[in-house]
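Structure record follows, encoded as structure tokens.
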Amino acid sequence: MITLGIEGTAHTASVGVIEEDSGRCRVLSNIISVYRPARGSGIHPREAANHHANVITDIIIEAINKAGIKKEDVDLVAFSKGPGLGPCLRTAATAARALSLKLKKPLIGVNHCVAHLEIGRGVIPECTDPVLLYVSGANTQVIAFAEGKYRVFGETLDIGVGNCFDKFGRYLGLEFPAGPRIEELASKGERYIDLPYSVKGMDVAFSGILTSAEKHVKNGLRLEDICYSLQETVFAALTEVTERAMAHTEKHEVLLGGGVACNKRLQRMVETMAKERGASFFVPSKDLCVDNGAMIAWLGAVMYNSGIRMSIEDSTIDQRFRTDMVEVKWR
Amino acid sequence: MIKDRIIYVGAEAEIHVSTYLGMEVIKKKRRSKSYRIREIDSSLITMRTREEAKLMIEARSCGVSVPIIYDVDVVDGVITMEYIKGDRIKDILNTLDEKERRDICYRIGLSVAKLHNHDIIHGDITTSNMILSNGRIYFIDFGLGCKSSDIEIKGVDLHVLMEAFSSTHSKYPSCFNYVFEGYSKEYKDDADRINEKIEEIIRRGRYK
């Protein structure tokens with residue numbers, strides 16, 4: 001079965017085409033187009049939605065061509081139902097509805113956060129029942145399957161970790177997203193500068209760390225050292241809550257997802273933690289970690305195969321679509 | 001010389017049965033984590049060990065049964081404490097008759113209120129973290145605790161217990177009501193405000 005998925009929860013418009021074959025996911029194409037705000041500013045929801053509207057037809061065509069299929073070969077159209085920014089979600093959903101009607105193929109809306117987890121299970125055969133550390137700009141959650149649902153065991157109490165980096169980046173006048181540049185600066189850090197460490201049970205918080213880091217900049221401390229300390233502190237906190245969730249749920253696999261999951265230092269820390277617990281560590285390829293259409297397509301296929309159906313009338317978006325609201329019929 | 005015996009390994013610490021001045025004791029040892037840099041690792045272990053010991057000592061001084069602390073090593077992160085031999089409330093609550101269960105729950109409520117009267121937040125009040133020994137209910141594992149006068153945080157503290165009841169003792173839905181009876185009796189301020197807070201927390205639907 002071939003599914004085309006449209007992602008549009010925030011800054012990224014993406015279309016992916018996947019083929020489901022005996023429970024495994026084969027990515028045929030995954031075209032990603034990122035809206036980039038001006039240097040020193042953040043995402044403007046309407047402008048991001050305008051970007052998506054401008055590129056969406058082109059990337060649908062590009063994804064179909066790159067997949068080496070004809071548009072009639074698409075069996076199912078999936079889209080990101082939420083959570084995310086309203087104008088962006090509506091743009092992606094509108095495109096998906098139009099495509100579904102035009103191709104006369106079924107439509108299905110999926111939860112973006114669950115898609116980050118399911119894509120790991122879909123493309124990595126050994127990854128069967130992981131705890132997902134999902135780290136992106138807007139979201140920071142520790143998700144695992146328990147008692148019939150995907151549940152959030154830990155999450156940020158204020159801002160997402162990527163947002164913490166982006167805000168710090170904006171303060172420094174760095175380009176959006178700031179994570180890669182912070183990672184580069186951090187690699188030249190030599191000295192640890194004290195920052196507040198905020199873990200409460202299985203939850204984390206970042207706004208205090210951000211304020212402190214900014215204060216260190218103002219006081220003229222070496223930028224490389226601040227970035228190094230920032231990364232070390234927030235990643236240690238994230239790794240700790242992930243380990244707690246693994247102990248709590250008694251699971252032996254950990255999966256990374258989200259844009260921040262591309263950070264090599266975070267990968268190494270979570271991998272070390274997993275190794276010490278005798279657990280397995282998984283991280284999908286970069287294009288499947290960041291927001292992407294392939295993961296939306298894959299979750300759509302998984303849901304459709306479990307018997308879930310959605311009419312055009314029901315294909316509304318949900319900005320506050322929570323992870324544990326998803327009815328899981330496939331596990 | 002009795003050798004240490006590990007009886008439990010958590011995400012953060014190991015629980016050993018050991019000896020101290022000829023007594024059989026519990027040693028809670030926080031483990032060093034190689035994923036984090038030395039500076040963060042040692043400061044976390046030191047801070048948390050110190051904080052936990054402080055909370056336990058304070059809890060004891062306000063009339064709540066907790067293990068006596070014999071020694072605190074903040075460098076290696078070890079708290080040496082009394083070995084409470086008894087039954088976890090988790091394991092016995094479902095086996096009691098309703099009158100006994102009511103009595104235990106009521107007394108749990110009294111103790112939690114005593115903690116909250118002194119702004120001590122346990123942070124992980126579950127029936128696994130209470131031991132019935134010689135008729136007394138001991139509270140253990142203050143590892144996630146803190147000090148706070150915020151009623152939101154007190155509400156969350158009680159909500160954790162409510163969730164523990166509904167997952168582990170779901171056959172006896174009155175347990176939390178008994179706890180709250182005891183809590184209301186002992187709590188120094190208006191317990192109804194805490195109750196409202198708990199309702200709010202439930203409505204908000206925090207996921208756990």
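The sequence lines fix the lettering, A, B, ..., with proteins before strands; numbering per chain opens at 1.
Interface remark: A:Ser229 contributes no atoms to any contact with chain B (heavy atom separation under 4.5 Å). Only the side chain of B:Arg48 comes within contact range of chain A, with heavy atoms under 4.5 Å apart. Proximity to chain B (any heavy atom under 4.5 Å) is restricted, for A:Arg265, to the side chain, taken from C-beta onward. For a residue to count as touching a neighbouring chain, one of its non-hydrogen atoms must lie under 4.5 Å from one of that chain's; by this rule A:Tyr228 touches chain B with the side chain only. Within the 4.5 angstrom heavy-atom criterion, only side-chain atoms of A:Ala247, from C-beta onward, approach chain B. Contact annotation for A:Glu271: neither backbone nor side-chain heavy atoms come within less than 4.5 Å of a heavy atom of chain B. Residue contact with chain B, scored on non-hydrogen atoms closer than 4.5 Å, involves the side chain of A:Glu276 exclusively.
The existence of a salt bridge linking B:Arg36 and A:Glu243 is excluded, since no basic side-chain nitrogen approaches an acidic carboxylate oxygen closer than 4.0 Å.
When A:Lys149, A:Met273, A:Glu232, A:Lys275 are compared by the number of non-hydrogen pairs under 4.5 Å with chain B, A:Glu232 comes out ahead. Interface remark: of the candidates A:Glu147, A:Glu240, A:Met246, A:Glu240 forms the most heavy-atom pairs closer than 4.5 Å to chain B.
Few gaps surround CD on B:Glu98; more than 12 heavy atoms of other groups in view lie less than 6.0 Å from it. Annotation for A:His216: atom NE2 counts as buried by contact number, over 12 foreign heavy atoms lying within 6.0 Å. Atom NZ of B:Lys188 sits in a crowded spot, with more than 12 heavy atoms from other residues, nucleotides or ligands closer than 6.0 Å. Few gaps surround NZ on B:Lys147; more than 12 heavy atoms of other groups in view lie less than 6.0 Å from it.
Rounding to the nearest 0.5 angstrom, the gap separating the OG1 atom in A:Thr272 from the NZ atom in B:Lys33 is 11.5 Å.
The shortest distance between side-chain heavy atoms of B:Leu144 and A:Arg244 falls below 4.5 Å.
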